[in-house]
Q: 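Below is one structure. I have some questions about it.
What you see is a predicted model; the values in this text were computed from it and never measured. The residues of the chain are indexed from 1 along the displayed sequence.
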Amino acid sequence: MIVLKFGGSNLRNKTDLEKILKVISMYREPFIVVVSAVNGVTNRLIDALNNIADLDVDKFLEELYSTYRSFLSEESFQLRERVYQIKEILLGTKLIGKVPDFVYDQIVSHGERCSSFLLTHYLNKNNIHCKEALPEEFGLVTDGKFKNASVDLVNSEINLKRFFRQDENYIVPGFYGIHEGQITILGRGGSDYSATSIAYCLDANRVDLYKDVSGFMTCDPKYVDGVRPVRRLNYDEAAELSYFGAKILHHASVDPVRKKNIPLYIFNINSFESIDKPDTIISFNDSVAETIIKSISFTDDIAVIQFKGTNVGRVPGLLGQIASTLGNEGVNIKSVVTSQTSINVLISKQDLEKCKRITSKMQIAEVEDIHYKTEISLIAAVGDGLLKRHGIAARIFTAVSRKNINVEMISAGASDVTIYFIVRLTDRDKALQAIHEEFFRGGENGENN
């Protein structure tokens, strides 16, 4: 069995359904298709919840149905019924004037349920027999964390192997699972994660992710000139790139397929030629590129809390105390860099105000001052062999230095395949271009292994 995934960028209009039909027609073994919400629908659902007090529920749902109807060019009572399934819960939410977490996750995941219905209807109409299957039916279990849940692979595997037949084709909505009967979403872009989790649970032969871009590149072409495609990545490289900001892949997607050594293929549906010609292959391989660095990623969703004090780096248990205090309040610590006089905790910028409230209540005798760094960008250079090849780090920081950019913080060794550092946000683009030119100059028409 093969697991395919089509994202929201593959579902913009009726023509996109025809592209999907062409792709699916090429597979000669049973498949499970994981599908995202139609492009823009998830944001419309979020906007509706953010403005729930003023929402005209009937008008909103009629407009939503009109979007789906435009894909079929015909009326569908069943599709209209699917879209309107959230009417009562929207009316109830409007009445109480606030949006509980369980309501948020149920409403925001509704776009995927409508997409799975739409695609099932369309494929069957075009003689590709398939069944719709919903996570609440087959039991994709999560840890229950609203808005950003993780898949419970152990219990999900038991449920899915009981539910799915190996000789049937299925269409599945991505982005969410269930916990104790309630829907919990997997975070933005979570349909990738749904696909790889389902592949894990069913021991799939491979996972094919369809995007509207040509796989991983040596850097984001929006910020750097002369980027190249990256044809091969190992699991560690792909996981680090997605963790440090590469938006092409959900950050948790690699873990399930790595556990069972299932290859992950990425295709650009707009330049698709054959299921045997993916743009990027992610698998268990230790191929070291000639450039060593395979890709450069970055994220601006970063802030640093600096706990300063004469001996903070030498106090036993202090780092653990800080980490547990933040963790107990639901703050995810991205990384930690310490010295004798400073403990630097890297967090999401979105958690900054929450962290300020938490740290204002901390009573730590050794901490003399707490300082926050914002307006910064974290840049990660990723490649197998990076820490083993002499001089790679020196080339990175020499390239940055030539552009008169000050590096605010450096970390190497946390992963075998990544060096990351922090610069001021205003220096980000220059730093990316400088590193890219150092490792990939003259290769505009080439490829990076």
Q: With side chains defined as the heavy atoms from C-beta onward, is the minimum distance between Lys430 and Asp427 less than 4.5 Å?
A: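 The answer is yes; the side chains approach within 4.5 Å.
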Q: For residues Val331 and Cys355, determine if any side-chain heavy atom of one lies less than 4.5 Å from a side-chain heavy atom of the other.
A: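 Yes, close enough: below the 4.5 Å cut-off.
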Q: So do Phe272 and Met26 actually touch side chain to side chain, heavy atoms under 4.5 Å?
A: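 Met26 vs Phe272: side chains touch.
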Q: So Phe71 and Val38, do their side chains get closer than 4.5 Å, heavy atoms only?
A: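 Side chain of Val38 against side chain of Phe71, heavy atoms only: contact under 4.5 Å found.
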Q: Between Asp384 and Lys294, does any NZ, NE, NH1 or NH2 come within less than 4.0 Å of an OD or OE carboxylate oxygen?
A: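 Result for this pair is no, no salt bridge flagged.
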Q: Thinking salt bridges, do Asp212 and Lys19 make one under a 4.0 Å N-O criterion?
A: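 Lys19 and Asp212: not salt-bridged.
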Q: Distance check, rounded to the nearest 0.5 Å: Leu119 atom CG versus Ser116 atom OG?
A: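 Between atom CG of Leu119 and atom OG of Ser116 there are 8.5 Å.
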Q: Can a donor-acceptor pair be found, under 3.5 Å and without considering hydrogens, that links the side chain of Thr184 to the backbone of Gly144?
A: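 Not a single qualifying donor-acceptor pair exists.
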Q: Would you check if Tyr200 and Val151 make a side-chain contact, meaning some heavy-atom pair closer than 4.5 Å?
A: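 No, every pair of side-chain atoms sits at 4.5 Å or beyond.
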Q: Can you find a side-chain donor-acceptor pair between Gln106 and Tyr176 that sits under 3.5 Å?
A: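 Side-chain D/A pair, Gln106 to Tyr176: absent.
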Q: To the closest 0.5 Å, what do you measure between CZ (Arg80) and SG (Cys114)?
A: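 Between atom CZ of Arg80 and atom SG of Cys114 there are 12.5 Å.
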Q: Under a 3.5 Å distance rule, please check whether Asp143 uses its side chain to pair with a backbone N or O of Ser150 as donor and acceptor.
A: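 Yes; judged by distance alone, with no hydrogens or angles, the pair exists.
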Q: Using a cut-off of 6.0 Å, state whether more than 12 heavy atoms not belonging to Lys349 lie near its atom NZ.
A: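 Yes, enclosed.
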Q: Would you name the heavy atoms of Gly111 and Tyr68 that are closest together and state the gap between them?
A: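 Taking Gly111 first and Tyr68 second, the nearest heavy atoms are O-OH, 3.3 Å.
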Q: How about Asp208 and Phe31: do any of their side-chain heavy atoms sit closer than 4.5 Å?
A: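 SC-SC contact between Asp208 and Phe31 ruled out.
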Q: Under 3.5 Å, is there a donor-acceptor pair between the Asn234 and Arg258 side chains?
A: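 Judged by distance alone, the side chains do not pair up.
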Q: If you compare all heavy atoms of His250 against all heavy atoms of Leu186, which two are closest, and at what distance to 0.1 Å?
A: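 Looks like NE2-O, 3.0 Å.
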Q: So, the side chain of Asp429 versus the backbone of Tyr223: is there a donor-acceptor pair under 3.5 Å, distance only?
A: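 The answer is no, because no donor-acceptor pair under 3.5 Å joins these two groups.
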Q: Run the salt bridge (charged side-chain N to carboxylate O under 4.0 Å, His left out) test against Glu112 and tell me which residues pass, sequence neighbours left out.
A: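 Glu112: no salt bridge (charged side-chain N to carboxylate O under 4.0 Å, His left out) contacts found.
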Q: Looking at Ile20 and Leu11, what are the two nearest heavy atoms and their distance?
A: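 Here Ile20 and Leu11 meet closest at CD1-CD2, 3.9 Å.
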Q: To the nearest 0.5 angstrom, please state how far the OG atom of Ser335 sits from the CD1 atom of Ile347.
A: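 Answer for the OG-CD1 pair, Ser335 versus Ile347, is 12.5 Å.
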Q: Charged N to carboxylate O below 4.0 Å: is that the case for Asp220 and Lys247?
A: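 Salt bridge flag = no for Lys247 with Asp220.
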Q: Could you name each residue pair satisfying salt bridge (Lys or Arg N to Asp or Glu O under 4.0 Å) that touches residues 118-127, not counting sequence neighbours?
A: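 Matches after skipping sequence neighbours: Glu74-Lys125.
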Q: Once rounded to the nearest 0.5 Å, what's the spacing between atom CG of Leu90 and atom CG of Leu49?
A: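 So the CG of Leu90 and the CG of Leu49 are separated by 6.5 Å.
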Q: Compare every heavy atom of Val257 with every heavy atom of Tyr235, then report the nearest pair and how far apart it is.
A: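 Reported closest heavy-atom pair: OH-O, 3.7 Å.
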Q: Could you tell me if Tyr243 and Thr418 have a donor-acceptor pair between their side chains, going purely by distance under 3.5 Å?
A: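 The answer is no; no qualifying pair exists.
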Q: Donor-acceptor pair, distance only, cut-off 3.5 Å: does the side chain of Thr299 make one with the backbone of Leu378?
A: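 Pair absent, no side-chain N/O of Thr299 close to backbone of Leu378.
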Q: Using the six-membered ring wherever Trp is involved, compare the ring planes of His121 and Phe117 and label them parallel, tilted or perpendicular (cut-offs 30° and 60°).
A: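 Ring orientation of His121 relative to Phe117: parallel.
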Q: Does Thr93 use its side chain to pair, donor to acceptor, with the backbone of Val99 at less than 3.5 Å?
A: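 No, because the side chain of Thr93 does not come within donor-acceptor range (under 3.5 Å) of the backbone of Val99.
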Q: How far does CG of Asp416 sit from NZ of Lys388, to the nearest 0.5 angstrom?
A: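 Between atom CG of Asp416 and atom NZ of Lys388 there are 6.5 Å.
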Q: Just by modelled atom types, is the Asp225 backbone N or O under 3.5 Å from a matching donor or acceptor in the Gln433 side chain?
A: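 Yes, the answer is positive, given that a donor and an acceptor are paired below the 3.5 Å cut-off.
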Q: Under 3.5 Å, is there a donor-acceptor pair between the side chain of Ser295 and the main chain of Met217?
A: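 Judged by distance alone, yes, a pair lies under 3.5 Å.
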Q: How about Arg231 and Asp279: do any of their side-chain heavy atoms sit closer than 4.5 Å?
A: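 A side-chain contact under 4.5 Å exists here.
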Q: Take a 6.0 Å sphere around CD of Gln85 and say whether it holds more than 12 heavy atoms from other residues, nucleotides or ligands.
A: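 Check passes, neighbour count above 12.
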Q: Is there a donor-acceptor pair under 3.5 Å between the side chain of Asn13 and the backbone N or O of Asp16?
A: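 Flag set: sc Asn13 to bb Asp16 pair under 3.5 Å.
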Q: Taking it one step at a time, do Phe244 and Tyr420 satisfy ring pair (Phe, Tyr, Trp, His ring centres under 6.0 Å)?
A: CA-CA 9 Å; Phe244 285 115; Tyr420 74 78; 5.2 Å; yes
Q: Between Glu157 and Lys161, does any NZ, NE, NH1 or NH2 come within less than 4.0 Å of an OD or OE carboxylate oxygen?
A: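 Looking at Lys161 and Glu157, the cut-off is met.
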Q: Run the side chain to side chain contact (heavy atoms under 4.5 Å, CB included) test against Lys373 and tell me which residues pass, sequence neighbours left out.
A: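 Checked Lys373 against side chain to side chain contact (heavy atoms under 4.5 Å, CB included); matches are Val304, Gln306, His371, Ile376, Glu408.
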Q: Taking Lys131's backbone N and O only, do any of them form a donor-acceptor pair with Thr120's side chain (distance below 3.5 Å, no angle check)?
A: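 Between the backbone of Lys131 and the side chain of Thr120 there is no qualifying donor-acceptor contact (under 3.5 Å).
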Q: What residues form a ring-ring contact (aromatic ring centres under 6.0 Å, His included) with Phe397, not counting sequence neighbours?
A: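 So Phe397 forms a ring-ring contact (aromatic ring centres under 6.0 Å, His included) with Phe421.
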Q: Mind checking whether Ile46 and Val108 have side chains closer than 4.5 Å, heavy atoms only?
A: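 They are in contact (side-chain heavy atoms under 4.5 Å apart), so the answer is yes.
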Q: Salt bridge or not for Glu132 and Arg82, using N-O below 4.0 Å?
A: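 So Glu132 pairs with Arg82 through a salt bridge.
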Q: When you look at Asp192 and Lys211, which way does the salt bridge (charged side-chain N to carboxylate O under 4.0 Å, His left out) test go after all the steps?
A: CA-CA 10 Å; Asp192 290 346; Lys211 308 280 182 176; 2.8 Å; yes
Q: Output all residues satisfying salt bridge (charged side-chain N to carboxylate O under 4.0 Å, His left out) with Glu375, sequence neighbours left out; order by chain, then residue number.
A: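 None.
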Q: So, Ser348 versus Asp301: side-chain donor-acceptor pair below 3.5 Å or not?
A: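 Present: a donor and an acceptor within the cut-off.
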Q: How many angstroms lie between atom CZ of Arg395 and atom CD1 of Ile293, to the nearest 0.5 angstrom?
A: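 So the CZ of Arg395 and the CD1 of Ile293 are separated by 8.5 Å.
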Q: Quick check: closest heavy atoms across Ser197 and Leu140, and the distance to 0.1 Å?
A: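 Taking Ser197 first and Leu140 second, the nearest heavy atoms are CB-CD1, 4.5 Å.
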Q: Does Arg206 make a cation-pi contact with Tyr265 (under 6.0 Å, within 45 degrees of the axis)?
A: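 Pair Arg206/Tyr265 does not count as cation-pi.
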Q: Can you find a side-chain donor-acceptor pair between Tyr65 and Glu75 that sits under 3.5 Å?
A: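 Yes, Glu75 and Tyr65 have a side-chain donor paired with an acceptor closer than 3.5 Å.
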Q: Testing the basics here: between Ala133 and Phe138, what is the closest heavy-atom pair and its distance to 0.1 Å?
A: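 So the two residues come closest at O-CE2, 3.5 Å.
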Q: Between Tyr210 and Phe267, how do the two ring planes meet: parallel, tilted or perpendicular, split at 30° and 60°?
A: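 Rings of Tyr210 and Phe267: parallel, under 30°.
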Q: Do Tyr27 and Asn169 have a side chain donor and acceptor closer than 3.5 Å?
A: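 Note: Tyr27 and Asn169 side chains miss the donor-acceptor criterion.
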Q: Hey, are Lys354 and Glu329 close enough for a salt bridge, meaning a charged N less than 4.0 Å from a carboxylate O?
A: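 No salt bridge links Lys354 with Glu329.
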Q: Using a distance-only test with no angle check, is there a side-chain donor-acceptor pair under 3.5 angstrom linking Tyr84 and Glu62?
A: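 On atom types as modelled, these side chains qualify, holding a pair under 3.5 Å.
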Q: Under 3.5 Å, is there a donor-acceptor pair between the side chain of Asp105 and the main chain of Phe102?
A: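 Flag not set: sc Asp105 to bb Phe102 has no pair under 3.5 Å.
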Q: Can you confirm whether more than 12 heavy atoms, excluding those of Lys22, are under 6.0 Å from its NZ atom?
A: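 No, not enclosed.
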Q: Using a strict cut-off of less than 4.0 Å between a Lys/Arg side-chain nitrogen and an Asp/Glu carboxylate oxygen, indicate whether Arg44 and Asp47 qualify as a salt bridge.
A: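 Here Arg44 does not pair with Asp47 in a salt bridge, since their nearest N and O are not under 4.0 Å apart.
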Q: In chain order, what residues pass the salt bridge (charged side-chain N to carboxylate O under 4.0 Å, His left out) check against Asp300, with sequence neighbours excluded?
A: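 Asp300: salt bridge (charged side-chain N to carboxylate O under 4.0 Å, His left out) contacts with Arg428.
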